[in-house]
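FYI, the numbering just counts along the sequence from 1.
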Amino acid sequence: MRRRSLLIAVPAGLVTLAACGDDDSGSSSTGDSASPEASGTSAPPSPKIVDGPLPAITAGTKFDEKPTVAKGSGDPSKDLAVKTVIAGGGKAVAENDFVIANYLGQIWSSAKVFDNSYDRKTPLVIQLAQGSIIDGWRYALAGKKTGSRVQFSVPPTWGYGEQGNEEAGIKGTDTLVFVVDVQDTFNANSSAKGKKVPQDDAALPEVGTNTDGKAPSIEVPKADAPKKLVAEYVLEGDGPEVGAQDSVLVQYKGVVWDSGKEFDSTYARKQLTSFSLQQVVKGWSQGLTGKKVGSRVLIVIPPDLGYGDNPPQGSGIEKDSTLVFSVDILAKM
């Protein structure tokens, strides 16, 4: 199994389709390593952000190259020291965004690297929200643009606190140093940006192709629902294919075939969601496996691959309903 990042502040709960209509954001993670739980104390005040000191990056100085960082010299700042090493020209990161980033983290006093995504060859995808990641990341990356390399040091107050992180070998007195390469950022206004694919089958729903972050239309034909699973590109992206064991970050909208009534939508909640394909109904896992990141996919799910005769209570879905989804695959996690 893929090792989970040590950055997560609390264990992240999976939102599955069995919880349709839930307002929780559902930031999911895969792996078998423990994550430190948030303490029961109140959140610390916002840090003062200063320019340094910060140790030198001695190798791997290009964007998205694994960096080598020198040992900290002298005492670290008691504030949050942040430096934009490489300034990107992309989208600005905001609080509560989901960011895709490669990163390396080490301890100031020893230069011991306790975590990095470069060796895993899998960027981190995580929400910059309180309780989802250590606070130092939230404050250091806010306002930075995609394509940027950001270096920052995090005192215990905005890291793991007095308890530290025993798994990572971090003591409660350790200041941490991070180098983060911000690849992309997503929020409630994000859409798939793939290439339009003709929707020629009049027996299938037609999905809107807008990419402005607003919910696409879903026009269900006045015809019998298909008996088998349908999973077709509406917009075909050029990213990596989603595997059956992957987790994904998505925008989606779901309607009932018979009535066309919407029963669930990230657009309506103004909140992206993420989940493991192992944690959702079979129609979703089968329909998204093999599809490319950056795509919008039409999925028509027959009852035997959906909720069958046991739909979620309060969802507005009747027993044995065929469900229609538009799903934008924003990232693979």
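Proximity of a side-chain donor or acceptor of Thr266 to a complementary backbone N or O of Tyr252 within less than 3.5 Å is detected. Between the side chain of Lys291 and the backbone N or O of Tyr233, no donor-acceptor pair lies under 3.5 Å. Using a distance-only test at 3.5 Å, with no hydrogens or angles considered, no donor-acceptor pair links the side chain of Gln271 to the main chain of Ala188. A donor-acceptor pair under 3.5 Å is absent between the side-chain atoms of Ser295 and the main chain of Val297, judged by distance alone. Counting only distance, with no hydrogens or angles, the side chain of Trp108 and the backbone of Leu54 share no donor-acceptor pair below 3.5 Å. With hydrogens and angles ignored, the 3.5 Å screen pairs no side-chain donor or acceptor of Gln183 with any backbone N or O of Pro123. The closest donor-acceptor contact from the side chain of Gln245 to the backbone of Gln278 lies at 3.5 Å or more, if one exists at all. Between the side chain of Ser321 and the backbone N or O of Leu323, no donor-acceptor pair lies under 3.5 Å. Of the possible polar contacts, one joining the Thr289 side chain to the Ser285 backbone as a donor-acceptor pair under 3.5 Å is found. Using modelled atom types, no side-chain atom of Glu206 and backbone atom of Gln199 make a donor-acceptor pair closer than 3.5 Å.
Checking each of Lys292, Arg296, Lys195 against Glu236 for a side chain to side chain donor-acceptor pair (under 3.5 Å) leaves exactly one that passes, namely Lys292. For the side chain to side chain donor-acceptor pair (under 3.5 Å) with Arg138, the lone residue among Gln130, Gln127, Glu95 that qualifies is Glu95.
In the displayed structure, Asp304 atom CG is contacted under 6.0 Å by more than 12 heavy atoms of other residues, nucleotides or ligands. Other residues, nucleotides and ligands place more than 12 heavy atoms under 6.0 Å from the NZ atom of Lys193. In Lys91, the NZ atom is crowded: over 12 heavy atoms of neighbouring residues, nucleotides or ligands sit closer than 6.0 Å. In this structure, Asp212 places its CG atom where more than 12 heavy-atom neighbours from other residues, nucleotides or ligands lie under 6.0 Å away.
With rounding to the nearest 0.5 Å, the separation of CG in Asn116 from CZ in Phe114 is 10.0 Å. Expressed to the nearest 0.5 Å, how far CD1 of Ile170 lies from CG of Leu176 amounts to 5.0 Å. One distance of note links OG1 of Thr157 with CD1 of Ile134; it measures 12.0 Å at 0.5 Å rounding. Separating the CG atom in Asp97 from the OG1 atom in Thr185 is a distance of 3.5 Å, to the nearest 0.5 Å.
A distance of 6.0 Å or more separates the ring centres of Phe152 and Trp158.
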* Verify side chain to side chain contact (heavy atoms under 4.5 Å, CB included) between Trp137 and Leu124, making sure each step is shown before the conclusion. => CA-CA 12 Å; Trp137 270 61; Leu124 176 70; 4.1 Å; yes

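Partners of Ser190 according to the side chain to side chain contact (heavy atoms under 4.5 Å, CB included) rule, which considers only residues two or more places apart in sequence or in another chain, are Phe186, Asn187, Leu330.
Hydrophobic cluster membership of Tyr267, counting Ile, Leu, Val, Met, Phe, Trp and Tyr whose side-chain heavy atoms lie under 4.5 Å apart directly or via other members: none, as it forms a cluster of its own.
The aromatic rings of Phe178 and Tyr103 sit tilted relative to each other, their planes meeting at an angle between 30° and 60°.
For the 3.5 Å distance criterion, the side chains of Asp184 and Thr146 fail to qualify, holding no donor opposite an acceptor. In summary, the side chains of Asp181 and Asn102 do not present any donor paired with an acceptor at a separation below 3.5 Å, with no hydrogens or angles considered.
With respect to Asp115 and Arg120, a salt bridge is recorded, a charged nitrogen being found less than 4.0 Å from a carboxylate O.
When hydrophobic clusters are built by joining Ile, Leu, Val, Met, Phe, Trp and Tyr residues whose side-chain heavy atoms come closer than 4.5 Å, directly or via intermediates, Phe263 is grouped together with Ile301.
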